Protein chains: 2
Amino acid sequence: MARTVFEKSDAVALVAEVFRELGYEGASMSEITARTKLSKGSLYHFFPEGKEQMAAEIMADIDAWFVTEMFRPLEEQEPRAAIARMWETTDSYFRSGRRVCLIGAFALDETRDRFTSMIHGYFHRWIEALAGSLIKAGLRNNEAKALAEEAVVGIQGALTLARALGDDTIFGRTLARLRQRMEAVLS
Amino acid sequence: MARTVFEKSDAVALVAEVFRELGYEGASMSEITARTKLSKGSLYHFFPEGKEQMAAEIMADIDAWFVTEMFRPLEEQEPRAAIARMWETTDSYFRSGRRVCLIGAFALDETRDRFTSMIHGYFHRWIEALAGSLIKAGLRNNEAKALAEEAVVGIQGALTLARALGDDTIFGRTLARLRQRMEAVLS
DNA sequence: GACCTTCTAAACCGATCGGTCTATTAAAAA
DNA sequence: TTTTTAATAGACCGATCGGTTTAGAAGGTC
C-alpha cells in the first residue's frame with residue numbers, strides 16, 4: 001500500500017474545497033476521503049476532534065487569509081489603492097464566481113449555529129474595514145457604511161447567482177458595477 | 001395513539017420550512033418527522049419517492065407561487081405598479097430577511113446538480129420578468145437587464161448577510177436602497 | 001542497525017441514514 | 001351496517017454516517 005505524506009496545511013486546503021462544494025452536512029467523511037485522497041487515519045491525525053474541527057480550522061484559515069490580504073490592507077493602507085486591490089483580490093479569490101464563499105454558505109443553514117461568531121466576525125470585519133477605508137477616502141460615516149454593506153451584499157449575491165445560473169460572467173459584471181459605483185462616489 | 005390528518009399542501013409547506021432551515025443534506029428524515037410532526041408513513045404516503053420528491057415538489061410549489069405573485073404581474077401589469085408590488089411581495093415573502101431563499105441555498109452546494117433546471121429557471125425568469133417590466137417602463141435593454149440582475153443579486157446577498165450577521169435590518173435596508181435606485185433611474 | 005516518533009491505511013464500531021412494511025384508524029362508499 | 005379506501009404511526013431494514021482502533025510504513029536519532 002503506497003503511502004503519501006501530507007502536510008497539515010495541504011489537508012486544510014484540500015478538505016476546504018470539499019466543504020465548499022458539498023456544504024457541511026453534505027461533506028461526509030467518505031466523500032472527504034474520496035475527494036482528497038487523505039485516509040481517515042490522516043484526517044483524524046490532523047483533526048482529532050473530527051469534522052467540526054476541520055470546519056473550524058478551515059474557517060480560521062480563510063479568515064486569516066482575508067485579514068492579511070484584504071482587511072488589514074483596507075485598514076492600514078492608502079484607501080483608494082487598497083480598495084482597488086480589494087476588487088482584484090475578491091475576483092481572484094472567488095475565481096470569478098466559480099468558487100463559492102464557504103462562510104456565506106455555512107451562514108444559510110443551521111451549520112451557522114456551530115460557527116456563529118466566526119461567521120459574524122468575518123462579514124462584520126469585511127464591512128467595517130471597507131467602510132473605514134471609504135471614510136478615510138473622504139466619505140461621510142453613513143454613506144461609507146451603506147456603500148460597504150452594498151459591496152459585500154453584492155459579492156455574496158453574485159456568488160449565489162453565478163452558481164444558480166451556471167453563469168461565469170455575472171460575478172465579474174457585478175464586481176465591475178459595484179466598483180464603478182464606488183469610484184463614482186469617491187471622485 | 002392520536003391521529004392527526006394532514007393535507008398534502010400542509011405537508012409541502014411544513015417540510016419546506018425544514019429544508020429551508022437545514023438545507024437538503026441537513027434535513028434528515030428524522031429531523032423532518034420531528035419538526036413537522038408528520039410520521040414517516042405520512043411522508044412516504046405523500047411523497048413515495050422520498051426526500052428528492054419532497055424537495056422537487058417544494059421547489060415547484062415555490063416556483064408556482066412566484067410565477068403568480070411576482071413574475072406574471074411583472075410580465076402583464078403596468079410596470080411601475082408591478083415593480084412597486086414586487087418589492088413589497090419580496091419583503092413579506094422573505095419575512096424581512098428572517099427567511100432564507102431555499103432555491104438560492106440549494107444553488108450553493110451540489111444539491112444544485114439534482115435540481116439544475118428548476119434553480120436556473122427560477123432565477124432566470126425573475127430577472128427576465130423584471131427586466132421586461134423595466135423595458136416597458138422605458139429603459140433601454142442593457143440598462144434594464146443590468147438593473148434587474150442587480151436587484152436579484154442584491155436580494156440574495158442580503159438574505160445571506162441577514163443570516164450571517166443575525167441582523168434583522170439589513171434586508172429591509174438593502175431592498176430600500178435597490179428600490180430607490182430603480183425609481184431614480186425610472187424617473 | 002535498533003529504536004522511537006510521526007503519519008497513513010483500513011478494518012471495525014455503534015448510531016443514524018433514507019426507505020419499507022405492517023398494523024391500525026377514520027371516514028367515505030356500498 | 002358492512003366494506004373499502006385513504007391516511008397515520010412506528011417498528012424495522014440494510015447502508016452509510018462520524019469516529020476509533022490496530023497495524024505497520026517512513027524517517028530521524030543514536
Side-chain angles (χ1 to χ4, degrees), chain A residues 1-59 61 102 105-106 109-115, chain B residues 1-59 61 102 105-106 109-115:
Chain A
M1 52 197 85
R3 209 181 102 108
T4 317
V5 179
F6 296 91
E7 304 259 326
K8 180 158 183 183
S9 58
D10 297 335
V12 169
L14 286 166
V15 177
E17 289 313 307
V18 182
F19 277 118
R20 225 185 265 284
E21 285 156 23
L22 300 177
Y24 185 80
E25 294 295 343
S28 67
M29 291 305 298
S30 65
E31 272 296 323
I32 294 172
T33 60
R35 295 189 184 210
T36 62
K37 310 297 178 199
L38 283 145
S39 69
K40 283 195 170 192
S42 300
L43 288 167
Y44 279 91
H45 170 71
F46 290 130
F47 311 101
E49 290 157 45
K51 229 178 124 172
E52 185 147 349
Q53 186 185 1
M54 291 175 208
E57 293 204 18
I58 287 164
M59 294 179 81
D61 188 66
L102 185 129
F106 281 6
D109 61 44
E110 289 193 6
T111 304
R112 172 189 59 249
D113 299 344
R114 295 172 182 263
F115 308 110
Chain B
M1 52 199 86
R3 209 181 101 109
T4 318
V5 179
F6 296 91
E7 304 258 326
K8 180 157 182 182
S9 57
D10 296 335
V12 169
L14 287 166
V15 178
E17 290 311 308
V18 182
F19 277 119
R20 225 185 266 284
E21 284 156 22
L22 299 177
Y24 184 79
E25 295 295 343
S28 67
M29 291 304 299
S30 64
E31 273 296 324
I32 295 172
T33 59
R35 295 189 183 211
T36 62
K37 310 295 178 201
L38 282 145
S39 69
K40 284 196 169 190
S42 300
L43 288 167
Y44 279 90
H45 170 71
F46 290 130
F47 311 102
E49 288 156 44
K51 229 178 126 170
E52 184 146 351
Q53 187 186 1
M54 292 174 206
E57 293 203 19
I58 287 164
M59 294 179 82
D61 187 67
L102 185 129
F106 281 7
D109 61 42
E110 288 192 7
T111 304
R112 173 190 58 250
D113 299 344
R114 296 173 183 261
F115 308 109

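Chain naming here is simple, since letters A, B, ... match the order of the sequence lines and numbering starts at 1 in each. Atoms considered below: every heavy atom in the structure, side chains included; atoms not considered: hydrogens, waters and symmetry mates. On a predicted model such as this, the values are computed, not experimentally measured, just so you know.
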Hey, does the side chain of [X] come within less than 4.0 Å of [N]'s phosphate (OP1/OP2), counting only N and O?
| X | N | value |
| --- | --- | --- |
| Thr33(B) | dG10(D) | no |
| Thr4(B) | dT8(D) | no |
| His45(A) | dC7(C) | yes |
| Ser39(A) | dA9(C) | yes |
| Ser28(A) | dC17(D) | yes |

inquiry  = Assess the residue pair Tyr24(B) and Lys51(B) against the criterion (side chain to side chain contact (heavy atoms under 4.5 Å, CB included)); give the C-alpha distance rounded to whole Å, side-chain angles, the decisive distance to 0.1 Å, and a yes or no.
reply    = CA-CA 9 Å; Tyr24(B) 184 79; Lys51(B) 229 178 126 170; 3.8 Å; yes
Rounded to the nearest Å, what distance is computed from the [atom1] atom of residue [X] to the [atom2] atom of nucleotide [N]?
| X | N | atom1 | atom2 | result |
| --- | --- | --- | --- | --- |
| Glu31(B) | dC17(C) | CD | P | 8 Å |
| Met29(A) | dC13(C) | CE | C1' | 15 Å |
| Tyr44(A) | dT21(D) | OH | P | 12 Å |
| Lys37(B) | dG10(D) | NZ | C1' | 15 Å |
| Phe47(A) | dC7(C) | CZ | P | 13 Å |
| Leu43(B) | dA11(D) | CG | P | 16 Å |

query = Considering heavy-atom distances to DNA chain C, does Gly41(B) or Lys51(B) have its closest nucleotide positioned more toward the 5' end?
reply =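 Whichever sits nearer the 5' end wins; that is Lys51(B).
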inquiry  = What contact category does Ala11(B) fall into here, base, sugar-phosphate, or nothing, at under 4.0 angstrom with non-hydrogen atoms?
reply    = nothing
message = side chain to side chain contact (heavy atoms under 4.5 Å, CB included) for Phe19(A) and Met59(A)? Distances and angles first, verdict last.
response = CA-CA 10 Å; Phe19(A) 277 118; Met59(A) 294 179 81; over 6 Å; no
query = Are side-chain heavy atoms of Asp109(B) and Glu25(B) found at a separation under 4.5 Å?
reply = no
